[in-house]
Amino acid sequence: MSKVRAALWQWLDQRFHLGPLVDALQQNLRKMVPPHVNWLFTLGSMLAVLLVVQLGTGVLLMVYYKSSSAQAHHSIEHLSYEVPLGWFMRSLHAWGSHLIVGLALLHLMRVYVYGGYKKPRELTWATGVLLLALLLGFGFTGYLLPWDQVAYWATVVVTQAPASIPWAGPWMREFMIGGAEVADATLGRFYVVHVILLPLLLLGLMGLHLLLVRRLGISTLGRTDEPTPDPEVLRQQGGHAFVPYHLLKDLSAICAVLGLLCTLSLLWPSQVGEPADPLHTPTGIKPDWYFLPAYQLLKYVPEVVGVLAAPLFLLALLLLPFLDRSPERHPGRRPRALLAAALVGVFLVLLGGLGHLSETSRTILGKTYHFDILGWPHQVAPGEAP
Ligand code: HEM
């Protein structure tokens, strides 16, 4: 067996000159991981694996999905009720999208708290922010594909907003939806962006992000103007080699998140909604949870301010390493940076919460409340319609 292996290795090496590549890989895997690296540093690997699963389930869904307004909803019904395990693939893909956006936000918070965005990792951070924007793009375009009432009307509402941008707004809206109304052309555009454009960009950016992460190694908690400690010093400080110590942690976290994905998909499979009806507007239409803060903000401020807020927020995130010039990485020495982020986080969660409650009725401590479009509660008297 070993002779066969040696011959095979020689055959491949003569053709691809693998020697230097394998040496570089081995050296890379032996890299030291700083002592503060804990379970929060497995979020990036979980994300990478979930994204691969997402691409896999997406390709399987494409086999049956039909991207025309006349056939899309029926193809989803066929997939969910007739294709063997079709419902499971759909559920894995839907739950995968929620987990990926959730984990990407947690990963961003972890990098922020540990100052991992600072010099020399500005580009790692910037590719991360662009990845997050792509993930939101996947969510936005994917939401319409089942062509059901919620999907159709949420897209109608959300795509109306950019029209308020002065000068370019109406043109942007028409370009986005392929005409004056959300219709067959919109579905075609969203589908191509969802299955071709975004995956290509995602693969390229993810490759760049991971390459930068491996080249630069995980950041230490030292100041950015101090030299990076060499591997021996890191070992003395309590650091470990990536293989096997951190790799095992990564693998355990990956198994756990895959287990969670399967459990969620089995317990709460994706439902098939009512087919889209452009003549009948349902009440309480809402986008996915990660768009709720932006959606709710639109209700309180002039539309143009609300529409520009999300892209400006992403731009500020992109430029963060260049705006925050302090050399400190250690969270204990950056109290103001942490407080500012906590305030932004609370504001976004609050807006999201109001968006979630808006246009619903709930019974709290025996009293029924109707939450209006702004999310403010109004008590409903017994017997009164909310
Ligand atoms: C969407 C897919 C993403 C994947 C697959 C991914 C993957 C990874 C991995 C595997 C690591 C190393 C381990 C770890 O820190 O968890 C990492 C580190 C890093 N990521 Fe991401 N990431 C993604 C998104 C993001 C986002 C949204 C940001 C921030 C906006 C970001 C910024 C960074 C930075 C700056 C580092 C280096 C941190 C350090 O050295 O301390 N990443 N990423």
Side-chain angles (χ1 to χ4, degrees), residues 33-51 96-119 121-139 205-206 209-210 212-213 216-222 224 246 249-250 253-254 256-257 260-261 288-294 296-297 309-326 328-353 355-356:
V33 175
H36 68 285
V37 169
N38 53 34
W39 285 94
L40 295 175
F41 290 71
T42 60
L43 290 165
S45 309
M46 287 195 254
L47 261 173
V49 170
L50 279 187
L51 282 168
S97 74
H98 295 298
L99 285 180
I100 286 170
V101 176
L103 288 182
L105 293 176
L106 289 176
H107 175 59
L108 182 150
M109 286 189 242
R110 165 340 249 153
V111 173
Y112 182 86
V113 168
Y114 286 87
Y117 57 92
K118 299 197 173 194
K119 188 183 146 196
R121 293 176 182 76
E122 301 93 331
L123 289 180
T124 321
W125 172 266
T127 51
V129 175
L130 294 177
L131 278 168
L132 182 65
L134 289 186
L135 296 182
L136 297 179
F138 271 109
L205 266 178
M206 200 163 102
H209 189 73
L210 296 180
L212 285 167
V213 170
L216 297 171
I218 294 293
S219 57
T220 64
L221 288 180
T224 56
H246 193 68
K249 250 188 188 168
D250 268 344
I254 289 167
V257 83
L260 177 66
L261 175 64
D288 258 333
W289 61 271
Y290 39 86
F291 289 123
L292 274 180
Q296 191 64 9
L297 185 69
L312 287 178
F313 181 66
L314 280 178
L315 184 68
L317 270 185
L318 196 73
L319 298 178
L320 178 71
F322 308 100
L323 300 174
D324 174 6
R325 316 285 302 170
S326 135
E328 296 290 0
R329 282 204 193 95
H330 197 294
R333 288 193 284 273
R334 295 165 44 237
R336 276 188 302 168
L338 294 196
L339 181 67
L343 289 177
V344 172
V346 168
F347 178 65
L348 292 178
V349 170
L350 210 67
L351 270 181
H356 178 68

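- Between atom CG of residue L212 and atom CD of residue E122 there is a gap of 10.5 Å, rounded to the nearest 0.5 Å.
- The shortest side-chain heavy-atom distance between R333 and S326 does not fall under the 4.5 Å cut-off.
- The side-chain heavy atoms of T224 and R329, taken from C-beta on, include a pair separated by under 4.5 Å.
- A heavy-atom distance below 4.5 Å is found between the side chains of W289 and V101.
- Listed by first and then second residue, the salt bridge (charged side-chain N to carboxylate O under 4.0 Å, His left out) pairs involving residues 344-353 amount to none (not counting sequence neighbours).
- Of all heavy-atom pairs spanning H246 and F41, the tightest one is NE2-O, 3.5 Å.
- With hydrogens and angles ignored, the 3.5 Å screen pairs a side-chain donor or acceptor of H209 with a backbone N or O of T124.
- Note that CG of D324 is 12.5 Å distant from CG of L319, once rounded to the nearest 0.5 Å.
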Check: Given K249 and S45, is the side chain to side chain contact (heavy atoms under 4.5 Å, CB included) satisfied, shown in steps?
Finding: CA-CA 10 Å; K249 250 188 188 168; S45 309; over 6 Å; no

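- Looking at heavy atoms from C-beta onward, P321 lies out of side-chain contact with R121 at the 4.5 angstrom threshold.
- At a threshold of 4.5 Å between non-hydrogen side-chain atoms, the residues L348 and F313 count as touching.
- Side-chain contact between L292 and L351 is absent, with no heavy-atom pair separated by less than 4.5 Å.
- Here the closest non-hydrogen pair linking P34 and I218 is CG-O, 3.6 Å.
- Closest of all the heavy-atom pairs between T42 and A253 is OG1-CB, 3.5 Å.
- Looking only at side-chain heavy atoms (C-beta outward), I254 and L50 stay at 4.5 Å or farther from each other.
- Taking a 6.0 Å sphere around CZ of F347, one finds it holds 12 or fewer heavy atoms contributed by other residues, nucleotides or ligands.
- Listed here is the closest heavy atom pair of P331 and L338: O-CD1, 3.7 Å.
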Validation: residues 105-116 side-chain donor-acceptor distances under 3.5 Å, sequence neighbours left out:
{"residue": "Y112", "atom": "OH", "partner": "A337", "partner atom": "O", "Å": "2.8"}
{"residue": "Y114", "atom": "OH", "partner": "N38", "partner atom": "ND2", "Å": "3.1"}

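- Counting heavy atoms from C-beta outward, D288 and H98 have side chains that approach closer than 4.5 Å.
- Residue L51 holds its CG atom at 6.0 Å from CG of L135, rounded to the nearest 0.5 Å.
- The distance from atom CG of L132 to atom CG of L136, rounded to the nearest 0.5 Å, is 5.0 Å.
- How far NZ of K119 is from OG of S219: 14.0 Å, rounded to the nearest 0.5 Å.
- Side-chain atoms of W125 come within 3.5 Å of backbone N or O of L317 as a donor-acceptor pair.
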